[in-house]
**Q** 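Quick one: the structure is below, questions incoming.
Remember, predicted model here, so these are calculated numbers, not experimental data. As a basis for the values below, the full set of heavy atoms in this structure was taken, side chains included, without hydrogen atoms, waters or symmetry mates. Numbers here simply count residues along the sequence, with the first being 1.
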Amino acid sequence: MQYDYQIVATIFFGVLGIIGALSAMVDRRSPLAGVTLMLVAAGFGYWAWVLSEGTLTMEEIPSALFRIMASILNN
């Protein structure tokens with residue numbers, strides 16, 4: 001699919017952003033970096049949704065992950 005990389009980037013940056021923001025709040029630091037990563041993840045998610053012409057569903061996420069892993073292993 002044409003939006004597989006955007007879906008994987010959304011998951012990657014989203015998880016890192018959540019972990020970073022929570023870690024900063026526990027350490028009583030500014031969670032700005034984590035929030036910024038979550039906004040980047042939201043941007044990638046929106047980009048994937050636009051590329052799919054509004055037909056993106058939750059069932060596409062595992063398929064996108066497996067297609068990217070297969071393309072990496074086949075090279």
Side-chain angles (χ1 to χ4, degrees):
M1 292 278 181
Q2 61 185 358
Y3 45 85
D4 287 347
Y5 292 104
Q6 287 82 6
I7 291 174
V8 173
T10 299
I11 295 168
F12 180 74
F13 286 120
V15 169
L16 286 180
I18 290 170
I19 291 171
L22 290 176
S23 173
M25 287 190 290
V26 166
D27 291 341
R28 297 192 197 288
R29 294 181 287 121
S30 172
L32 185 61
V35 171
T36 303
L37 278 176
M38 286 190 279
L39 290 173
V40 168
F44 273 116
Y46 179 73
W47 187 17
W49 185 74
V50 167
L51 287 176
S52 72
E53 297 171 351
T55 61
L56 190 62
T57 61
M58 293 298 286
E59 290 84 22
E60 307 263 346
I61 294 172
S63 300
L65 289 171
F66 286 121
R67 280 192 296 265
I68 288 182
M69 285 192 305
S71 70
I72 290 171
L73 293 176
N74 284 334
N75 288 333

**Q** In terms of hydrophobic clustering (I, L, V, M, F, W, Y; side-chain heavy atoms under 4.5 Å; direct or indirect links), are Ile72 and Phe66 co-clustered?
**A** no

**Q** Under 6.0 Å from the CD atom of Glu53, do we count more than 12 heavy atoms belonging to anything else shown?
**A** no

**Q** Going only through I, L, V, M, F, W and Y residues with side-chain contacts under 4.5 Å, is there a path from Val35 to Ile18?
**A** yes

**Q** With the 4.5 Å side-chain cut-off for hydrophobic clustering, are Trp47 and Met58 part of the same group?
**A** yes

**Q** Quickly, which of Trp49, Tyr5, Phe12, Phe13 forms a side chain to side chain contact (heavy atoms under 4.5 Å, CB included) with Phe44? Name it, please.
**A** Phe13

**Q** How close do Ala48 and Ile7 get, heavy atom to heavy atom, and via which atoms?
**A** CB-CG1, 4.1 Å

**Q** Out of curiosity, does Tyr46 fall in the hydrophobic cluster containing Leu51 (side-chain heavy atoms, cut-off under 4.5 Å, transitive links)?
**A** yes

**Q** If you look at every heavy atom in Ser30 and Ala24, which pair is closest and at what distance?
**A** O-CB, 3.7 Å

**Q** Show the nearest heavy-atom pair for residues Gly14 and Met38, with the distance to one decimal.
**A** O-CG, 4.4 Å

**Q** Is Leu39 linked to Val8 within one hydrophobic cluster, defined over Ile, Leu, Val, Met, Phe, Trp and Tyr using a side-chain heavy-atom separation of less than 4.5 Å?
**A** no

**Q** Can you give me the closest heavy-atom contact between Glu60 and Tyr3, atom names plus distance?
**A** OE1-OH, 3.2 Å

**Q** For the residue pair Leu37 and Gly17, what are the closest heavy atoms and their distance?
**A** CB-CA, 3.6 Å

